[in-house]
Amino acid sequence: MDILVNLQAFLATADATGFSAAARKLNVSTSVVAKRVTQLETRIGTPLFHRSTRQLRLTEAGQRYVHRARGVVADATDLLSRMGEKGHDLVDHLRIKAPTSLTVARLADAFSAFQTQNPRLKLEIVLIDRPVDPVTEGFDIAIGAFPHSFGGVIDEPLCPLKRLLCASPAYLKKHGTPRHPRDLVEHRCLSFMPTGPEWVFDGPRGRISIQVSPLLSSNEAHVLARSAIAGNGIALISHYLVADALREGRLKPVLRDFPIPELWVKAAIPERRRNAAAVQALLTLLKTSLAPSL
């Protein structure tokens, strides 16, 4: 077990960039953490940190091994959880990448419920709005809707993501209603930065791509929704974020004859972690929470 606790000390120190903060996280003394890291460095024959009076920085070797170490610790924790007398209780540390807007709107409650059901489970949730390779960046699950795939990673579909164009009645009254996607170049557009200003539509004769010049760009879709409701422009946005505003008439759909191609929210999981009990349990909860679609 020495190698496991030494790896845990290494990861805690890497995350906290210091022995003292790592010690508080692990609930041990600073000297114990420093000793465990030193033992690990002696074992592998190379330093893992550049030490200075101000902070610790990972060496090249430390950067190379930190993500693999997370996997080793996670696998060992999962195995011990399955072998223990309380094998029905999930004991693991899950590092999860999730998109900001979806987490704020829907996933935060799901994560909270999951941890309530599994009080011995540790969650590390990082909000990132770009494609992430969970293997190279050290995640157990990477949730997103980007159509990217990576080697050594299993893509688990969670639910379809419906998107649409919408604007306030006041905006449409003042600026007019576009009849074709090409009309958008003359309109005030509100764009989601992770997907960019190239807006794609399904037309009667195939795909249509329009490059808009956004009045507002944001990586947080709630900002776009609020701006659209305020009458500032036409937003390309996920349906779940504006469902209430559409139902209440504060927003109106635009260009219904030119639908936005549907995306799928998926969970990207490293192959070595696909059968971990905590990963499978979280996947089940996510599918239930997000079903049938967003």
Side-chain angles (χ1 to χ4, degrees), residues 1-81 90-100 103-104 107-108 111-112 114-116 118-144 150 219-220 268-270 272-273 276 278-279 282:
M1 291 296 289
D2 284 349
I3 189 64
L4 180 58
V5 296
N6 290 349
L7 284 171
Q8 290 171 330
F10 164 54
L11 293 176
T13 304
D15 291 340
T17 66
F19 290 135
S20 297
R24 289 192 294 271
K25 181 177 180 180
L26 297 174
N27 197 29
V28 297
S29 68
T30 302
S31 61
V32 168
V33 173
K35 180 179 179 181
R36 290 174 180 175
V37 171
T38 300
Q39 287 176 340
L40 183 60
E41 291 174 324
T42 301
R43 173 72 179 271
I44 65 176
T46 188
L48 296 170
F49 293 99
H50 294 295
R51 292 163 169 81
S52 72
T53 55
R54 292 186 176 182
Q55 65 174 359
L56 297 179
R57 292 184 297 107
L58 286 170
T59 62
E60 182 178 342
Q63 294 174 5
R64 187 165 61 248
Y65 296 136
V66 66
H67 298 312
R68 295 183 63 184
R70 291 190 196 280
V72 170
V73 170
D75 289 344
T77 303
D78 180 63
L79 177 61
L80 292 172
S81 174
L90 294 180
V91 181
D92 206 336
H93 182 139
L94 294 185
R95 190 164 187 260
I96 303 163
K97 173 267 177 188
T100 304
T103 301
V104 171
L107 294 182
F111 291 143
S112 296
F114 185 61
Q115 198 153 42
T116 298
N118 303 282
R120 302 174 68 196
L121 191 67
K122 293 183 179 180
L123 299 182
E124 181 182 348
I125 301 167
V126 183
L127 304 186
I128 301 176
D129 295 305
R130 61 172 172 80
V132 164
D133 181 349
V135 173
T136 60
E137 298 198 39
F139 289 98
D140 299 295
I141 299 178
I143 302 168
F150 302 95
N219 67 340
E220 219 305 308
I269 306 163
R272 59 174 177 72
R273 291 290 280 156
V279 169
L282 180 56

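Every heavy atom of this structure was used, including side-chain atoms; hydrogens, water molecules and symmetry mates were not. Start at 1 with the first residue, then count along the sequence.
Looking at Thr59 and Thr46, their side chains never come closer than 4.5 Å, going by heavy atoms from C-beta outward. Counting only heavy atoms from C-beta outward, the side chains of Asn219 and Thr100 never approach each other to under 4.5 Å.
Within a 6.0 Å sphere centred on CZ of Arg51, heavy atoms belonging to other residues, nucleotides or ligands number more than 12. Within 6.0 Å of the CZ atom in Arg43, the count of heavy atoms belonging to other residues, nucleotides or ligands does not exceed 12.
Summarising the geometry, atom OG1 belonging to Thr13 is positioned 7.0 Å from atom CG belonging to Leu56; distances are rounded to the nearest 0.5 Å. Going from atom CG of Asp140 over to atom CD1 of Ile96 covers 7.5 Å, rounded to the nearest 0.5 Å. Residue Phe19 holds its CZ atom at 6.0 Å from OG1 of Thr38, rounded to the nearest 0.5 Å. Of the inter-residue distances, the one linking Thr116 atom OG1 with Leu121 atom CG reads 11.0 Å to the nearest 0.5 angstrom. To the nearest 0.5 Å, atom CG of residue Leu282 and atom CD1 of residue Ile143 are 6.5 Å apart. How far CD1 of Ile44 is from OH of Tyr65: 6.0 Å, rounded to the nearest 0.5 Å.
Counting all heavy atoms, side chain and backbone alike, Arg36 lies closest to Ala9 at CB-CB, 3.7 Å. Across all non-hydrogen atoms, the minimal contact from Asp129 to Pro99 is OD1-CA, 3.5 Å. In terms of heavy atoms, Phe150 sits closest to Pro134 at CD1-CD, 4.5 Å. Nearest approach of Ile128 to Arg130, heavy atoms of both residues: CG2-CG, 3.3 Å. For the pair Ala22 and Ala16, the tightest heavy-atom approach, listed with the atom from each and the gap, is N-CB, 3.7 Å. Closest of all the heavy-atom pairs between Leu48 and Glu41 is N-OE2, 2.8 Å.
Contact check on Glu124 versus Lys25 returns no salt bridge, with no Lys/Arg side-chain nitrogen under 4.0 Å from an Asp/Glu carboxylate oxygen. Ion pair Arg273/Asp92 flagged as a salt bridge, since at least one NZ, NE, NH1 or NH2 atom sits closer than 4.0 Å to an Asp/Glu carboxylate oxygen. Between Arg95 and Asp15 no salt bridge is recorded (no basic side-chain N to carboxylate O distance below 4.0 Å).
Without hydrogens or angle criteria, His67 side chain to Thr136 main chain gives a donor-acceptor distance under 3.5 Å. No donor-acceptor pair closer than 3.5 Å links the side chain of Asn118 to the backbone N or O of Arg120.
Ring to ring, Phe49 and Phe10 are close: their centroids are under 6.0 angstrom apart.
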Let's go through Phe139 and Asp133 carefully: what are the C-alpha distance in whole Å and the side-chain angles of both, what is the deciding distance for side chain to side chain contact (heavy atoms under 4.5 Å, CB included) to 0.1 Å, and is it a yes or a no?
CA-CA 8 Å; Phe139 289 98; Asp133 181 349; over 6 Å; no

Decide side chain to side chain contact (heavy atoms under 4.5 Å, CB included) for Arg70 and Leu11; before the verdict, give the C-alpha distance in whole Å, the side-chain angles of both, and the deciding distance to 0.1 Å.
CA-CA 7 Å; Arg70 291 190 196 280; Leu11 293 176; 3.7 Å; yes

